[in-house]
Amino acid sequence: MAEAPQRNLALDIVRITEAAALASARWLGRGDKEAGDGAAVDAMRISFASLRIDGVVVIGEGAKDKAPMLFNGEKVGKGEGPSLDVAVDPVEGTNLLAYGRPNAISVVAVAPRGSMFDPGPSFYMQKLVVPHEARDVVDLDAPVRDNLANVARAMGKSIQDLVVFVLDKPRHERLIAEIRAAGARIQLQTDGDVAGALMAVDPRSEVDVMMGTGGTPEGVLAACAVKGMGGQILTRLDPQSYVEKEAINERGIDLREVMGVNDLVRSDDCFFAATGISGGDFLRGVRYSGQHAVTHSLVLRGKTGTLRYVESYHNMERLSKISAVQY
């Protein structure tokens with residue numbers, strides 16, 4: 001049945017990612033990742049307080065590295081309006097921000113209460129992310145060469161045309177060798193696998209595929225965007241320590257299970273926003289120009305698949321007079 005336009009929460013939560021980006025960008029290249037992350041967390045917490053939602057953080061940050069955090073179970077919003085699961089990463093790529101490297105972003109996603117996968121004690125998962133054209137031709141258990149050949153065919157390219165995003169970690173040494181042997185090109189990044197997943201499904205990006213093991217919370221966050229863009233993310237929990245593996249087993253979670261985008265986010269009525277902090281080809285970072293600060297964001301509504309790129313000019317003089325956020 002036809003519906004009248006409904007409230008697009010993505011246009012509300014982008015104000016939160018903008019605030020976090022503006023607050024944390026002051027710490028670009030200053031070598032203090034906790035200060036930058038803390039500034040973003042404070043900005044997010046204050047900004048959420050004005051939002052008419054009954055939100056609970058189910059994907060927070062900080063459990064791995066004891067960073068400043070919006071903690072799992074924290075209630076956000078005014079406590080009225082839609083009941084939502086909330087996923088946040090105030091600074092995805094804290095090291096990127098601290099050392100002035102590209103592609104640090106601020107991210108928020110929301111979905112109806114109970115629809116997001118709870119990673120529990122899992123910190124890491126194996127991921128394979130592809131755009132809409134290739135969503136039905138990949139298999140997490142297939143050889144790397146086969147997956148790349150299938151993706152290339154679905155996208156009307158040769159394997160040599162593909163660009164694969166991989167985190168530059170020792171655990172990916174074999175994966176990198178297999179991608180090179182297949183003939184594909186690689187974009188190696190030290191951090192930022194939410195950004196990598198977004199690049200794989202963003203039609204503007206040169207990245208075609210993301211492969212490798214990254215954060216489990218980040219996988220759920222990215223799934224909201226992948227779902228909105230019609231892509232696919234295939235995942236399997238991939239513990240990187242004995243302690244993590246035992247904690248997952250104690251929760252009765254099957255380490256062999258492959259989860260797709262619809263397992264990680266079980267509702268189409270999801271919303272996603274990301275704002276660039278440090279400069280990059282994907283989302284431009286915060287730029288200061290006279291009395292203004294300029295931000296660039298990506299905004300998605302899952303139900304309609306509408307993707308917006310938002311460039312905002314913030315009058316810092318006026319903001320500093322009225323806002324509780326420390327810009």
Any non-hydrogen side-chain atom of N103 less than 4.5 Å from a side-chain atom of Q189?
yes
Whether the side chain of R308 engages the backbone of R301 through a donor-acceptor N/O pair (distance < 3.5 Å, no angle test) should be reported.
no
Mind running side-chain contact (heavy atoms from CB on, under 4.5 Å) on E218 and I59 for me, showing each step along the way?
CA-CA 8 Å; E218 289 85 350; I59 303 293; over 6 Å; no
Between T213 and Q240, do the side chains contain a donor N or O and an acceptor N or O under 3.5 Å apart?
no
Donor-acceptor pair, D85 side chain versus A111 backbone, under 3.5 Å?
no
To check you understand the geometry: which heavy-atom pair defines the closest contact between S278 and L28, and what is its length?
CB-CD1, 3.6 Å
With a 4.5 Å cut-off on side-chain heavy atoms, are R26 and Y288 touching?
yes
Between R256 and D254, is there a side-chain N and carboxylate O pair less than 4.0 Å apart?
yes
Side-chain contact test, heavy atoms from C-beta onward, threshold under 4.5 Å: evaluate it for M316 versus H314 and give yes or no.
yes
Please assess L22 against T295 for the test side-chain contact (heavy atoms from CB on, under 4.5 Å), listing each intermediate value before the final yes or no.
CA-CA 8 Å; L22 288 168; T295 58; 3.8 Å; yes
For the pair N150 (side chain) and D146 (backbone), establish whether a donor and an acceptor sit closer than 3.5 Å, ignoring hydrogens and angles.
yes
Using only heavy-atom distances, determine whether the side chains of T17 and T275 contain a donor-acceptor pair under 3.5 Å.
yes
Value rounded to 0.5 Å, distance of OG1 in T306 from CG in N8:
7.5 Å
Kindly give the heavy-atom pair with the smallest separation between A10 and V299, and that separation in Å.
CB-CG1, 3.2 Å
Heavy-atom pair with the smallest gap, counting every atom of Y124 and R171
CE2-NH2, 4.2 Å
Sidechain N-carboxylate O distance under 4.0 Å for K78, D54:
no
How far apart are the C-alpha atoms of L175 and V144, what are their side-chain angles, what is the distance that settles it, and do they pass the side-chain contact (heavy atoms from CB on, under 4.5 Å) test?
CA-CA 8 Å; L175 172 63; V144 169; 3.7 Å; yes
Check each of I16, I105, V41, D42 against P90 using the side chain to side chain contact (heavy atoms under 4.5 Å, CB included) test, and report the only one that passes.
V41
Less than 4.5 Å apart, side chain to side chain, heavy atoms only: is that true for S297 and L283?
no
Under a 4.5 Å cut-off applied to non-hydrogen side-chain atoms, are F123 and L237 in contact?
no
Please determine whether a side-chain nitrogen of the Lys or Arg among D191 and K169 lies less than 4.0 Å from a carboxylate oxygen of the Asp or Glu.
yes
Please examine the side chains of E257 and M259, heavy atoms only from C-beta on, and report whether any two atoms are closer than 4.5 Å.
yes
Go through the structure and list residues passing side chain to side chain donor-acceptor pair (under 3.5 Å) with K75, not counting sequence neighbours.
none
I'd like to know if the side chain of Q232 reaches the main chain of V261, judged simply by a donor and an acceptor atom lying under 3.5 Å from each other, with no hydrogens or angles considered.
yes
Under a 4.5 Å cut-off applied to non-hydrogen side-chain atoms, are L148 and I179 in contact?
yes
With side chains defined as the heavy atoms from C-beta onward, is the minimum distance between K227 and C270 less than 4.5 Å?
yes
Short question: side chain of S24, backbone of A40 - any donor-acceptor pair under 3.5 Å?
no
Test side-chain contact (heavy atoms from CB on, under 4.5 Å) applied to D202 and Y309, step by step
CA-CA 11 Å; D202 188 335; Y309 301 104; 2.6 Å; yes
Residue pair S122 / T216, side-chain donor-acceptor N/O under 3.5 Å:
yes
V286 and A293 have their tightest heavy-atom pair at CG1-CB, 4.4 Å
Grab the two heavy atoms, one from Q160 and one from R185, that are nearest each other, plus how far apart they are.
O-NE, 3.5 Å
Do R113 side-chain atoms and S83 backbone N/O form a donor-acceptor pair below 3.5 Å?
no
For a salt bridge (Lys or Arg N to Asp or Glu O under 4.0 Å) check, start with the C-alpha distance between D12 and R52, then their side-chain angles and the critical distance, and finish with the verdict.
CA-CA 10 Å; D12 293 319; R52 292 186 179 278; over 6 Å; no
Hey, is the main chain of S106 close enough, under 3.5 Å, to the side chain of E92 for a donor-acceptor pair?
no
Looking at residues at least two apart in the chain, or sitting in another chain, which of them share a side chain to side chain donor-acceptor pair (under 3.5 Å) with D193?
K127
Contact summary for L97 and G36, nearest pair of heavy atoms
CD2-CA, 3.9 Å
Are the side chain of H296 and the backbone of G276 linked by a donor-acceptor contact shorter than 3.5 Å?
no
Is a donor on one side and an acceptor on the other found under 3.5 Å between the side chain of D168 and the backbone of T190?
no
